[in-house]
Asks: 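First the structure, then my questions, so here it is.
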Amino acid sequence: MATSNLSLQISLPFPTASLRLRPPTTTVTIQPHPPLKSRRFRNLAVKPVTKNRFQFSIQFSLVEQSPQKSKFDVQQLVAFLYEDLPHLFDDKGIDKTAYDERVLFRDPITKHDSLSGYLFNIALIKTIFTPQFMLHWAKPTGPYEITTRWTMVMKFRLLPWKPELVFTGISVMGVNPENGKFCSHVDFWDSIQKNDYFSSEGLLEVIKQLRIYKTPELESPKYQILKRTANYEVRQYDPFIVVETNGDKLSGSTGFNDVAGYIFGKNSTTEKIPMTTPVFTEAIDAELSKVSIQIVLPSDKERESLPNPKQETVSLRKVEGGIAAVAKFSGKPTDDIVQEKEKTLRSNIIKDGLKPQIGCLFARYNDPGRTWNFIMRNEVIIWLDDFSLD
């Protein structure tokens with residue numbers, strides 16, 4: 001997967017006397033709670049509240065302490081984490097002096113209650129994955145807490161095909177008011193409903209992402225994964241250039257030899273241009289009947305510097321990029337299968353309150369004739385009019 005870096009912004013919070021979080025759909029709603037009058041951190045318990053409408057209640061046993069005696073500034077912690085978080089998975093690592101000796105960490109399949117356990121979890125991820133962390137926003141949600149939204153992309157190095165695991169979600173983190181150090185970190189994934197520990201749904205989500213996809217080691221359009229639900233990803237694509245001509249159907253290959261000929265030297269300067277992936281077919285009408293076939297050109301190419309096609313039916317076009325919903329699937333794609341995948345994706349994003357555009361892209365990442373059907377990587381892509389991570 002080609003991804004581009006996001007600027008890191010993060011801050012971390014402290015749990016209040018009662019915190020209730022609803023699982024995110026396209027937005028995350030944090031219910032505020034009243035300011036604390038007097039308290040002192042002693043212990044923390046996390047428990048599920050309901051079965052169908054998922055909520056968590058984080059409760060504390062506290063004794064008298066005036067909040068005026070707390071010696072920390074949330075904005076200073078934000079500034080600190082701007083500097084510290086980029087080192088989460090590098091050799092330098094995070095500054096462990098900023099964390100309490102008792103740090104409660106919990107995600108759907110992992111739980112620790114000490115600083116050593118917290119650091120061990122980070123080290124384990126670094127050892128078996130190639131992790132990338134991207135933070136989208138951080139917002140204070142209580143006197144001693146801040147909620148962050150993030151994306152984690154990790155390649156599992158222990159398997160030969162190095163599958164890519166993607167998780168997006170929110171973290172609710174706490175700060176001990178006595179010393180201004182981080183003391184809790186609770187993760188909620190977008191792709192599952194049951195986020196309580198131990199979540200069998202969370203484990204199945206990990207296993208599902210270990211499947212084999214055969215993808216050529218070629219350049220592809222750059223994008224950032226903003227959100228991953230149970231059914232699709234939301235990506236922000238950078239602009240890219242395609243060479244295209246008319247096709248016949250979404251799953252068809254009519255016109256491929258013409259656009260491939262352009263990059264193999266059938267152009268005004270006989271320049272040979274490196275191959276990329278995927279091959280796109282795009283439908284621009286609601287019936288998915290008017291189709292073009294496209295090859296993406298390398299990102300270092302500028303539209304003005306590219307040679308002109310020799311064939312009148314072949315043209316160059318810059319795609320401005322934007323936000324898109326993407327559904328992956330494997331197997332040999334027929335037109336009926338592709339159209340059914342498009343219909344399902346469109347239904348899911350409308351159900352989630354998003355606004356799809358007319359038409360779609362079908363992406364094939366496979367080497368024709370050399371990839372087994374069951375490991376073919378295919379994607380249906382629908383551009384979105386609006387999307388917000390708020």
Side-chain angles (χ1 to χ4, degrees), residues 10-24 28-31 33 41-51 53-62 77 81 85 88-89 94 96 98-129 131 133 135 138-139 141-142 144-152 154 165-177 181-207 209 228 230:
I10 188 167
S11 58
L12 304 179
F14 184 78
T16 60
S18 174
L19 170 67
R20 298 183 185 274
L21 292 179
R22 295 180 181 177
V28 176
T29 301
I30 306 299
Q31 296 183 348
H33 17 261
F41 176 75
R42 277 193 177 178
N43 58 56
L44 170 66
V46 180
K47 59 182 181 181
V49 177
T50 63
K51 181 177 180 181
R53 181 184 173 192
F54 179 79
Q55 294 180 319
F56 269 93
S57 178
I58 299 180
Q59 300 177 335
F60 295 85
S61 295
L62 306 158
L77 290 177
L81 288 168
L85 192 61
L88 184 63
F89 295 114
I94 60 173
K96 64 182 181 181
Y99 294 80
D100 254 349
E101 283 301 318
R102 185 174 183 272
V103 180
L104 182 142
F105 172 80
R106 195 232 65 203
D107 67 21
I109 59 174
T110 310
K111 181 170 67 173
H112 298 286
D113 60 3
S114 66
L115 177 58
S116 60
Y118 189 73
L119 297 175
F120 171 79
N121 191 63
I122 294 172
L124 182 65
I125 292 174
K126 289 168 58 178
T127 301
I128 64 177
F129 296 99
F133 177 82
L135 185 96
K139 299 178 182 179
T141 50
Y144 303 106
E145 73 183 26
I146 292 179
T147 299
T148 64
R149 172 160 281 283
W150 43 264
T151 295
M152 281 283 294
M154 306 180 293
L165 286 76
V166 179
F167 298 93
T168 68
I170 61 171
S171 296
V172 179
M173 301 185 67
V175 180
N176 187 338
K181 294 186 176 183
F182 308 127
C183 62
S184 66
H185 179 154
V186 183
D187 284 351
F188 302 86
W189 297 351
D190 293 325
S191 55
I192 62 176
Q193 293 296 317
K194 295 182 178 180
N195 273 271
D196 53 311
Y197 178 86
F198 177 80
S199 171
S200 58
E201 186 184 0
L203 178 61
L204 289 174
E205 177 65 15
V206 173
I207 294 172
Q209 296 193 68
R228 182 178 182 276

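Numbers here are sequence positions counted from 1. Bear in mind that the values here come from a model prediction, so they are computed numbers and not experimental data.
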Asks: If we ignore hydrogens and angles and just use 3.5 Å, is the side chain of Glu201 paired with the main-chain N or O of Lys194 as donor and acceptor?
Replies: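 Yes; judged by distance alone, with no hydrogens or angles, the pair exists.
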Asks: Distance from Trp189 atom CH2 to Thr168 atom OG1, nearest 0.5 Å?
Replies: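 With rounding to 0.5 Å, CH2 (Trp189) is 11.0 Å from OG1 (Thr168).
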Asks: For Gly202 and Ile192, which heavy atoms make the closest approach, and how far apart are they?
Replies: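 The pair with the smallest heavy-atom distance is CA-CD1, 3.9 Å.
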Asks: Can you name the side-chain contact (heavy atoms from CB on, under 4.5 Å) partners of Ile94, sequence neighbours left out?
Replies: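 So Ile94 forms a side-chain contact (heavy atoms from CB on, under 4.5 Å) with Asp84, Leu88, Tyr99, Tyr118, Leu119, Ile122.
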Asks: Using side-chain heavy atoms (C-beta onward) and a distance below 4.5 Å, is Asp190 in contact with Arg149?
Replies: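 They are in side-chain contact.
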Asks: Quick one: pull up CZ in Arg106 and CG in Asp113 and give me the separation to the nearest 0.5 Å.
Replies: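 Arg106 CZ to Asp113 CG: 13.5 Å, rounded to 0.5 Å.
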Asks: Could you walk me through whether Asp187 and Asn195 pass the side chain to side chain contact (heavy atoms under 4.5 Å, CB included) test, one step at a time?
Replies: CA-CA 8 Å; Asp187 284 351; Asn195 273 271; over 6 Å; no
Asks: For a quick test of reading the model, state the closest non-hydrogen atom pair linking Phe188 to Trp150 and the distance between them.
Replies: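 So the two residues come closest at O-CZ2, 4.4 Å.
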Asks: Once side chain to side chain donor-acceptor pair (under 3.5 Å) is applied, do any residues pair with Asp107, and if so which ones, sequence neighbours excluded?
Replies: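 Partners of Asp107 under the side chain to side chain donor-acceptor pair (under 3.5 Å) test: Thr110.
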Asks: Could you grab the distance from atom CG of Asp100 to atom NZ of Lys181, nearest 0.5 Å is fine?
Replies: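 Spacing of CG (Asp100) from NZ (Lys181) equals 6.5 Å.
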Asks: So which atom in Ala230 and which in Ser191 form the shortest heavy-atom distance, rounded to 0.1 Å?
Replies: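 Looks like CB-O, 3.4 Å.
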Asks: Please enumerate all residues that pass side chain to side chain donor-acceptor pair (under 3.5 Å) together with Ser200, with sequence neighbours excluded.
Replies: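 Ser200 satisfies side chain to side chain donor-acceptor pair (under 3.5 Å) with no other residue.
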Asks: Just how far is it from atom OH of Tyr197 to atom NZ of Lys111, taken to the nearest 0.5 Å?
Replies: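 Interatomic distance, Tyr197 OH to Lys111 NZ, rounded to 0.5 Å: 5.5 Å.
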Asks: First locate atom CG of Asn121, then atom CZ of Phe105, and finally report the distance between them rounded to the nearest 0.5 Å.
Replies: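 Atom-to-atom, Asn121:CG and Phe105:CZ are 4.5 Å apart.
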Asks: Quick check: closest heavy atoms across Ser171 and His185, and the distance to 0.1 Å?
Replies: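 Nearest pair, atom of Ser171 first, then His185: OG-NE2, 3.4 Å.
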Asks: Do the ring planes of Phe120 and His112 sit parallel (below 30°), tilted (30 to 60°) or perpendicular (above 60°)?
Replies: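 The rings of Phe120 and His112 stand perpendicular, inter-plane angle above 60°.
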Asks: Tell me which one of Leu77, Val103, Leu115 satisfies side-chain contact (heavy atoms from CB on, under 4.5 Å) with Phe182.
Replies: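 Considering Leu77, Val103, Leu115, a side-chain contact (heavy atoms from CB on, under 4.5 Å) with Phe182 is found only for Leu77.
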Asks: Nearest 0.5 angstrom please: Lys139 NZ to Thr147 OG1, how far?
Replies: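 Here the interatomic distance stands at 9.5 Å.
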